[in-house]
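Input: a single structure, listed below in structure tokens.
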Protein chains: 2
Amino acid sequence: MKQISSRFSVAVHILSIIALFPNESTGEFIAGSVNTNPVIIRKIIRLLKKAGLIAVRPGVGGASLLKDTGEITLLDIYRAVEVADQGELFHFHEEPNHACLVGNNIENALRDELRAAQLAMEQRLAQVTLQQLIAKFV
Amino acid sequence: MKQISSRFSVAVHILSIIALFPNESTGEFIAGSVNTNPVIIRKIIRLLKKAGLIAVRPGVGGASLLKDTGEITLLDIYRAVEVADQGELFHFHEEPNHACLVGNNIENALRDELRAAQLAMEQRLAQVTLQQLIAKFV
DNA sequence: CTCGTTGTAACCATATTAGTTCTAACCAAA
DNA sequence: TTTGGTTAGAACTAATATGGTTACAACGAG
């Protein structure tokens, strides 16, 4: 990958709108703010529903948060949009040659460090709530 | 992206081999340990050269480190293989609508947090040297 | 000169991403 | 009960990244 999908930043955008404008937050309105297609918004909203973060009103329109903004962290959103395959950020090359000293041991040696690095990032995301983020500009 | 390219883990693998077997480390030999095509190895080796981490002997074969293993960190290798576009791990959706309160402010609000999360990960990678990694299995 | 090696261009299959069009299902209000 | 705005989602597309492959030129020690 070159970059973590913008699904993540769009999801944060969507949740911010739902938090601030629960009544007006139709797919069309959100798409206008994000500046993309309503179907893109719906796809991400499906993931947010699946993660139990929001409830959507079919037919009538609009959505609402299922948790307080102070209870939703950036990590919750990051996980909801499934930007990292199997939750693993780093892709380790498959099947190194076990007949070689390095090939036989590099995976175990490196795996722990990659996990630690990923964890450091995720813990930083977990420190920020949607409430704190919104407070920056309301 | 779904995952950070295996170029990173392969690069660590390559450097470990060069550190341990400087004489035998031909593209063919490394490819055998990584279990891939020699051209893949050469492409990554080109990046490692570009980053000033190694020197390669054209024609004769083999490579050597330009720094002590204790002076090469996982972050150096991560940066060398250019797995994150422009060094930015997170991709923010372009051109949100500035006529909307959220669209106008979400980028500034979120950008700092994403950078902080990325930095947390990179700092963790910077704590591990190639020497420490190799020491785990020699 | 020769042989093994490095360097690199060109090409390929697959997957992801972001986006589009289209249609069905939903539900409140007229 | 029909209408209109909405949600739900299938199907498709273009662009790009990835990992791999083949082929060939350039290099350099023996």
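Order of the sequence lines sets the chain letters (A, B, ...), proteins ahead of strands, with each chain counted from 1. Quick caveat, the model's predicted, so the values are computed rather than measured.
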For this session: Identify which nucleotide among dT18(D), dA8(D), dG7(C) has an atom closest to any side-chain atom of Ile45(A), counting heavy atoms from C-beta outward.
Result: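 In terms of side-chain proximity for Ile45(A), the closest of dT18(D), dA8(D), dG7(C) is dA8(D).
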
Exercise. Looking at residues 24-35 of chain A, who's got a heavy atom less than 4.0 Å off DNA chain D?
Worked result: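 DNA chain D contact set from residues 24-35 of chain A: Thr26(A), Gly27(A).
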
Applying side-chain hydrogen bond (donor to acceptor under 3.5 Å, both in side chains), which residue pairs with at least one partner in [range] are found, sequence neighbours left out?
range: residues 49-65 of chain B; answer: Lys50(B)-Glu82(B)
range: residues 33-43 of chain B; answer: His13(B)-Ser33(B)
range: residues 94-112 of chain B; answer: His98(B)-Asn104(B), Glu107(B)-Arg111(B)

Of all residues at least two apart in sequence or in a different chain, which pass the salt bridge (Lys or Arg N to Asp or Glu O under 4.0 Å) check with [X]?
X: Arg115(B); answer: Glu88(B)
X: Glu24(B); answer: none
X: Glu28(A); answer: none

[X] [atom1] - [N] [atom2] separation (whole Å):
X: Ile41(A); N: dA18(C); atom1: CD1; atom2: C1'; answer: 11 Å
X: Glu94(A); N: dT18(D); atom1: CD; atom2: C1'; answer: 13 Å
X: Phe90(B); N: dT17(C); atom1: CZ; atom2: P; answer: 14 Å
X: Ile14(B); N: dT6(C); atom1: CD1; atom2: C1'; answer: 14 Å
X: Leu47(A); N: dA8(D); atom1: CG; atom2: C1'; answer: 13 Å
X: Phe92(B); N: dA18(C); atom1: CZ; atom2: C1'; answer: 16 Å
X: Lys50(A); N: dA8(D); atom1: NZ; atom2: C1'; answer: 15 Å

Problem set entry | Any residue meeting side chain to side chain contact (heavy atoms under 4.5 Å, CB included) with Gln123(A), in chain and number order, not counting sequence neighbours |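 If we apply the side chain to side chain contact (heavy atoms under 4.5 Å, CB included) test to Gln123(A), skipping adjacent residues, the hits are Leu119(A).
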
For this session: Note every stem involving DNA chain C: at least three consecutive Watson-Crick or G-U wobble pairs, i with j then i+1 with j-1, with both distances under 3.5 Å.
Result: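 So far as stems of 3 or more pairs are concerned, DNA chain C shows C:1-30 with D:1-30.
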
For this session: Kindly state which residues belonging to residues 96-105 of chain B come within less than 4.0 angstrom of DNA chain C, counting heavy atoms of the residue only, listed by number.
Result: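 Under 4.0 Å from DNA chain C: no residue of residues 96-105 of chain B.
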
For this session: Classify every nucleotide of nucleotides 21-30 of chain D by which part a protein heavy atom approaches to under 4.0 Å, writing B for the base, S for the sugar-phosphate alone and - for neither, in 5'-to-3' order.
Result: BBB---BS--

Within the structure, does a side-chain N or O atom of [X] lie under 4.0 Å from either OP1 or OP2 of [N]?
X: Ser5(B); N: dG19(D); answer: yes
X: Lys49(B); N: dG7(C); answer: yes
X: Ser6(A); N: dT17(C); answer: no

For this session: Using only heavy-atom distances, determine whether the side chains of His93(A) and Ser9(B) contain a donor-acceptor pair under 3.5 Å.
Result: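 Yes, Ser9(B) and His93(A) have a side-chain donor paired with an acceptor closer than 3.5 Å.
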
For this session: Pick base, sugar-phosphate or nothing for His91(A), based on heavy-atom distances below 4.0 Å to the nucleic acid.
Result: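 His91(A): backbone/sugar contact only, no base atoms under 4.0 Å.
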
Exercise. Can you find a heavy atom in the side chain of Leu130(A) that is under 4.5 Å from one in the side chain of Leu65(A)?
Worked result: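 A side-chain contact under 4.5 Å exists here.
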
Problem set entry | Test item: Phe90(B) and Leu110(B) side chains (from C-beta on) under 4.5 Å apart, heavy atoms |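 Counting from C-beta outward, Phe90(B) and Leu110(B) never come under 4.5 Å.
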
Exercise. So which one's nearest nucleotide on DNA chain D is more toward 5', Arg46(A) or Gly61(A)?
Worked result: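 Nearest-nucleotide comparison on DNA chain D picks Gly61(A).
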
Exercise. Under the salt bridge (Lys or Arg N to Asp or Glu O under 4.0 Å) rule, what pairs show up with a residue in residues 120-138 of chain A, not counting sequence neighbours?
Worked result: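 Found Arg79(A)-Glu122(A), Arg124(A)-Glu113(B), Lys136(A)-Glu113(B).
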
Problem set entry | Atom pair CG (Leu53(B)) and CG (Leu47(B)), whose distance is rounded to the nearest 0.5 Å |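 Going from CG on Leu53(B) over to CG on Leu47(B), the span is 10.5 Å.
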
Problem set entry | Rounded distance (nearest 0.5 Å) linking atom CG of Leu15(A) with atom CD1 of Ile77(A) |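 Nearest 0.5 Å value for the CG-CD1 distance: 5.0 Å.
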
Exercise. Nearest heavy-atom pair of Leu125(A) and Ala117(B): which atoms, and what distance?
Worked result: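 Where Leu125(A) meets Ala117(B) most closely, the heavy atoms are CD2-CB, 3.6 Å.
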
